[in-house]
Visitor: 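Take this structure, written in structure tokens, and hold onto it; I'll ask about it next.
Basis for what follows: all heavy atoms, side chains included, without hydrogens, waters or symmetry-related copies. Keep in mind it's a predicted model, so treat the numbers as computed, not measured.
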Number of protein chains: 2
Amino acid sequence: MIGCPKCSEVGSIMKAGYVRNKQRYVCKDCNYFFTLSDPGQVLPRKKSRRHQTTIIDIAKAIGVSNSTVSRALHGHADISPETRQAVLDMAAQLDYQPNQLAYNLVKSRTNTIGMIVPEFTNSFFPNVIIGAHEVLTEAGYNLTIMQSNESYAVEVSNTKAMLANRIDGLLISLTQETNNYDHLKVFEKRGIPLVLFNRVCDHVEAPKVVVNDFDASFSAVEHLILNGYERIAHLGGPLNLRVSRERLRGYRAAMEKYGKNIEENMIIQGMFSQQKARIYGKYLLDLENRPDAIFAVNDSAAIEIMLMALEKGIKIPDQLGVVGFSDNPESAYIGPGLTTIRQPTAEIGKTTAKWILQLVESEEEVKLPNETVLKTELVVRGSSKRNPS
Amino acid sequence: MIGCPKCSEVGSIMKAGYVRNKQRYVCKDCNYFFTLSDPGQVLPRKKSRRHQTTIIDIAKAIGVSNSTVSRALHGHADISPETRQAVLDMAAQLDYQPNQLAYNLVKSRTNTIGMIVPEFTNSFFPNVIIGAHEVLTEAGYNLTIMQSNESYAVEVSNTKAMLANRIDGLLISLTQETNNYDHLKVFEKRGIPLVLFNRVCDHVEAPKVVVNDFDASFSAVEHLILNGYERIAHLGGPLNLRVSRERLRGYRAAMEKYGKNIEENMIIQGMFSQQKARIYGKYLLDLENRPDAIFAVNDSAAIEIMLMALEKGIKIPDQLGVVGFSDNPESAYIGPGLTTIRQPTAEIGKTTAKWILQLVESEEEVKLPNETVLKTELVVRGSSKRNPS
DNA sequence: TTGTAAGCGTTATCAC
DNA sequence: GTGATAACGCTTACAA
């Protein structure tokens with residue numbers, strides 16, 4: 001055991017090359033370089049306070065090798081009960097905490113699933129996270145969450161960080177800006193499983209978890225029609241997202257089925273944001289011949305419209321029917337209640353998590369990409385109920 | 001260059017001990033062990049598809065050492081522009097992605113801040129996360145979030161996982177069950193900075209970020225009194241949490257200041273949960289001589305009470321005043337609107353993040369534990385407004 | 001300016 | 001049942 005000639009520290013002495021064929025050492029504690037011209041010249045003093053106890057410390061303390069310690073710690077077979085107990089005791093005594101970093105490095109896996117969501121402000125993604133978290137935790141995985149903030153650039157940098165941190169799998173819902181998918185292809189190339197949910201795209205070979213946007217949208221518009229609304233506007237999302245396209249498609253299908261005239265100037269597709277919702281809403285409500293109902297792509301937009309209608313003295317549901325999408329917490333309580341589509345958020349999270357686990361844990365055999373479509377539910381409230389039915 | 005005698009693979013050959021004083025190898029691709037009795041016997045075939053490119057691959061490819069590559073990649077000084085460019089080009093060509101795990105291991109830091117929250121269902125914690133996330137991302141840190149689910153056991157296991165993963169600092173809001181703080185003391189002992197927020201405790205030496213619960217509570221109750229309510233009940237949280245104690249204290253202080261009689265049977269302290277809120281709410285509303293106002297510890301509880309009052313035909317605010325705490329999204333819209341205390345959620349997140357950054361980045365010098373008290377705001381809505389004022 | 005080699009804390013293989 | 005030792009991928013002090 002070597003001690004530092006300057007500070008007498010032991011335990012922070014490291015080899016540092018050779019000087020005239022002699023081993024040279026450095027004390028990491030006081031940064032002093034020396035050779036051992038006179039071995040055993042100094043006495044050990046105390047442990048560095050910065051040092052975290054490692055399996056080697058345990059090994060030294062009870063006089064076994066680090067491999068023995070490792071085995072004991074992991075409950076491997078072929079180890080004598082006494083040795084194991086000694087190791088365990090010493091580990092507790094030295095307050096040993098395994099270093100997951102080293103473990104991950106040698107195992108080339110991290111037991112961590114990454115998740116990238118575009119935003120956090122609505123209740124949708126937090127609820128998805130709750131579901132995913134539950135399943136992953138149960139299976140012994142960690143969940144690392146990043147937020148792309150609806151920015152493509154941030155999303156790309158998030159995926160880079162995930163890659164660098166060697167997550168075992170990625171769950172992602174794309175931003176409304178995302179049109180290029182190279183950053184996702186990297187995952188395919190590296191064999192890192194990927195599951196898309198909610199905001200999916202068609203250009204990536206990976207399981208996708210979505211809801212039946214088309215049907216949901218269809219039933220929402222049908223519901224409006226059955227309540228006597230004729231001139232229904234659609235306030236949609238950006239068309240590069242499949243959710244937006246599907247919801248638009250459902251709208252058109254319902255209108256066509258019931259022989260309603262679709263006025264193209266009453267269909268607006270745009271980015272998700274409160275500001276945009278207000279601008280588009282104002283446009284629709286200020287139209288000379290304004291619609292008698294609006295189906296919005298999400299509740300936030302629908303709520304903006306309801307508030308605006310209130311300001312303008314337009315009566316809901318008599319003069320204007322409104323339907324949203326997602327069932328935010330406030331939707332049940334606003335005005336006469338907002339009719340909306342409830343998404344099974346927790347189940348979306350659980351399903352994506354189950355998918356990723358299956359992919360991560362399947363040995364080499366990558367399953368064929370698949371798509372899970374979960375069911376939504378039309379929640380009828382006052383904002384659209386003109387028929388006493 | 002050695003190839004596997006069985007599958008001809010090169011690049012996945014690793015040394016594997018000795019056999020009769022001869023170096024033994026293993027092919028990681030086909031798991032075949034062999035020695036080199038006849039060197040150069042097999043020809044290289046192709047790279048393993050599993051292999052991730054490392055700095056060594058780059059080094060080999062352009063004929064320099066790995067240290068040179070490392071330096072080039074990190075833009076160190078003292079490297080010739082040509083070499084650097086060659087390294088950068090080759091890195092791009094080989095699609096090199098740095099291994100953060102290895103980096104972290106050698107640097108003993110992860111650039112990751114951990115955050116443990118008790119729940120996710122209310123908007124409070126998601127909003128705090130948004131704030132913290134923003135500041136940390138800005139500063140180049142990752143944020144790993146875990147959810148303790150209001151369970152002490154889960155919280156302890158979460159802190160263990162955080163420790164194992166060697167986060168650089170921890171942000172934590174305690175569960176309502178937490179009464180023992182040994183799992184936090186470990187962080188102190190290891191010199192890992194810690195910041196408590198919202199659900200803090202007094203037994204840990206660490207910066208705390210809270211709101212002025214006492215004042216907020218005082219002003220809420222005062223507001224009720226000024227609106228002519230006399231017999232005000234308090235539906236509080238578990239008393240081991242300081243938030244609960246402070247809100248109770250504020251309630252008492254306001255009642256005393258205005259000479260109101262405090263009826264102890266109208267003060268209930270209990271766990272946060274929808275079920276409990278219903279049970280306690282029912283108890284209060286069914287009292288023979290029921291209170292004419294209720295100040296609840298959070299909006300979820302207040303909303304349960306409002307719904308129950310509606311069922312029972314108790315008029316709000318005429319027969320019952322209600323005030324909550326936190327300003328959930330739905331609170332603005334429920335019934336006549338719920339009067340509540342708005343907390344600066346994003347700022348709470350930002351402040352905790354700034355604290356932890358300061359602690360993490362301060363060299364050795366640990367600042368004295370401090371407490372930041374952020375201001376709340378009384379949001380008056382219909383549920384408590386009996387005075388026309 | 002570049003190369004050499006030790007070290008970060010583990011796991012796992014093989015020898016004994 | 002236990003001990004050596006290579007390996008995981010990287011940084012860095014020192015030598016060249």
Visitor: Quick one: on DNA chain C, does B:Ala102 or B:Ser80 contact a more 5' nucleotide (nearest heavy atom)?
Guide: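 Nearest-nucleotide comparison on DNA chain C picks B:Ser80.
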
Visitor: Which of residues 103-113 of chain A sit near DNA chain C, with a heavy atom under 4.0 Å from it?
Guide: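 Within this stretch, A:Tyr103, A:Val106, A:Lys107 sit under 4.0 Å of the strand.
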
Visitor: Identify, with sequence neighbours excluded, every residue that meets side chain to side chain contact (heavy atoms under 4.5 Å, CB included) alongside B:Gln100.
Guide: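 Side chain to side chain contact (heavy atoms under 4.5 Å, CB included) check on B:Gln100 returns A:Ala164, A:Asn165, B:Tyr103, B:Asn104.
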
Visitor: State which residues pass side-chain hydrogen bond (donor to acceptor under 3.5 Å, both in side chains) with A:Ser67; sequence neighbours excluded, sorted by chain then number.
Guide: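 Partners of A:Ser67 by the side-chain hydrogen bond (donor to acceptor under 3.5 Å, both in side chains) criterion, ordered by chain and then number, come out as A:Ser65.
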
Visitor: Base, sugar-phosphate, or nothing: which does B:Ile79 touch, judged by heavy atoms less than 4.0 Å apart?
Guide: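 Result for B:Ile79 = sugar-phosphate.
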
Visitor: Which residues pass the side chain to side chain contact (heavy atoms under 4.5 Å, CB included) test with B:Asp89, not counting sequence neighbours?
Guide: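 Once residues adjacent in sequence are excluded, the partners of B:Asp89 under the side chain to side chain contact (heavy atoms under 4.5 Å, CB included) criterion are B:Gln85.
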
Visitor: Starting from P on C:dT10, measure out to CG on B:Asn99 and report it in whole angstrom.
Guide: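 Value for this atom pair: 17 Å.
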
Visitor: Name all residues meeting the side chain to side chain contact (heavy atoms under 4.5 Å, CB included) criterion together with B:Leu73; count only those two or more places apart in sequence or in a different chain, and write none if there are none.
Guide: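 If we apply the side chain to side chain contact (heavy atoms under 4.5 Å, CB included) test to B:Leu73, skipping adjacent residues, the hits are B:Ile55, B:Val69, B:Val87, B:Leu88, B:Ala91, B:Tyr96.
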
Visitor: Among C:dG9, D:dG1, C:dG3, which is the nearest nucleotide to the side chain of B:Ser65?
Guide: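 Per side-chain heavy atoms of B:Ser65, the pick is C:dG3.
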
Visitor: Please list, by residue number, the residues of residues 159-170 of chain A whose heavy atoms come closer than 4.0 Å to an atom of DNA chain C; answer none if no residue qualifies.
Guide: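 Nucleic-acid contacts, sorted: none.
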
Visitor: Give the rounded distance in Å between these two atoms: CD1 of A:Ile55 and C1' of C:dT11.
Guide: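 In whole Å, C:dT11 C1' and A:Ile55 CD1 are 8 Å from each other.
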
Visitor: Quickly work out the A:Lys60 NZ to D:dG3 P distance and round it to whole Å.
Guide: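 Distance check: A:Lys60 NZ to D:dG3 P gives 14 Å.
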
Visitor: By a strict heavy-atom criterion of less than 4.0 Å, which residues belonging to residues 66-75 of chain A are in contact with DNA chain D?
Guide: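 DNA chain D contact set from residues 66-75 of chain A: A:Asn66, A:Ser67, A:Thr68, A:Arg71.
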
Visitor: Output the distance between atom CG (B:Leu163) and atom CG (B:Asn158), rounded to the nearest 0.5 Å.
Guide: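 So the CG of B:Leu163 and the CG of B:Asn158 are separated by 12.0 Å.
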
Visitor: Who are the side chain to side chain contact (heavy atoms under 4.5 Å, CB included) partners of B:Leu357, not counting sequence neighbours?
Guide: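 Checked B:Leu357 against side chain to side chain contact (heavy atoms under 4.5 Å, CB included); matches are B:Val135, B:Leu136, B:Ala139, B:Tyr141.
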
Visitor: Whole angstroms only, please: what is the CD-C1' distance between B:Gln52 and D:dA7?
Guide: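 Rounded to whole Å, this separation is 16 Å.
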
Visitor: What's the separation between atom CG in B:Leu174 and atom NE2 in B:His183, rounded to the nearest 0.5 Å?
Guide: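 B:Leu174 atom CG to B:His183 atom NE2 measures 6.5 Å (nearest 0.5 Å).
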
Visitor: Which residues pass the side-chain hydrogen bond (donor to acceptor under 3.5 Å, both in side chains) test with B:Gln93, sequence neighbours left out?
Guide: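 In terms of side-chain hydrogen bond (donor to acceptor under 3.5 Å, both in side chains), with neighbours along the sequence ignored, B:Gln93 is linked to no residue.
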
Visitor: For the side chain of B:Glu155 and the backbone of B:Thr178, is there at least one donor-acceptor N/O pair under 3.5 Å apart?
Guide: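 Checking the backbone N and O of B:Thr178 against the side chain of B:Glu155, no donor-acceptor pair under 3.5 Å is found.
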
Visitor: Whole Å only: how far is the CD1 atom of A:Ile58 from the C1' atom of C:dT10?
Guide: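 A:Ile58 atom CD1 is separated from C:dT10 atom C1' by 12 Å.
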
Visitor: How many Å lie between CG on A:Leu101 and P on C:dT10, as a whole number?
Guide: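 Spelled out: CG on A:Leu101 to P on C:dT10 is 10 Å.
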
Visitor: To the nearest 0.5 angstrom, please state how far the CD1 atom of A:Ile129 sits from the CD1 atom of B:Ile129.
Guide: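 Separation between the atoms: 7.0 Å.
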
Visitor: Tell me the interatomic distance from A:Asp57, atom CG, to C:dG9, atom P, rounded to whole angstroms.
Guide: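 In whole Å, C:dG9 P and A:Asp57 CG are 9 Å from each other.
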
Visitor: Got a sec, which residues hit side-chain hydrogen bond (donor to acceptor under 3.5 Å, both in side chains) with B:Asp168, two or more places apart in sequence or on another chain?
Guide: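 Scan of B:Asp168 (side-chain hydrogen bond (donor to acceptor under 3.5 Å, both in side chains), adjacent residues dropped) gives B:Thr110.
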
Visitor: Just how far, in rounded Å, is P of C:dT1 from CD of B:Gln85?
Guide: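 Value for this atom pair: 16 Å.
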
Visitor: Strictly distance-based, threshold 3.5 Å: is any side-chain N or O of A:Asn149 a donor or acceptor partner for the main-chain N or O of A:Ser151?
Guide: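 Pair absent, no side-chain N/O of A:Asn149 close to backbone of A:Ser151.
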
Visitor: Do other residues, nucleotides or ligands put more than 12 heavy atoms under 6.0 Å from B:Lys160 NZ?
Guide: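 12 or below, so no.
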
Visitor: Could you work out, with side-chain hydrogen bond (donor to acceptor under 3.5 Å, both in side chains) as the rule, every residue matching B:Thr112, not counting sequence neighbours?
Guide: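 For B:Thr112, no residue satisfies side-chain hydrogen bond (donor to acceptor under 3.5 Å, both in side chains) once neighbours in sequence are set aside.
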
Visitor: Using C1' atoms of five pairs at each end, report the bend of the helix from C:dT1-D:dA16 to C:dC16-D:dG1 rounded to 10 degrees.
Guide: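 For the helix from C:dT1-D:dA16 to C:dC16-D:dG1, the axes at opposite ends meet at about 40°.
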
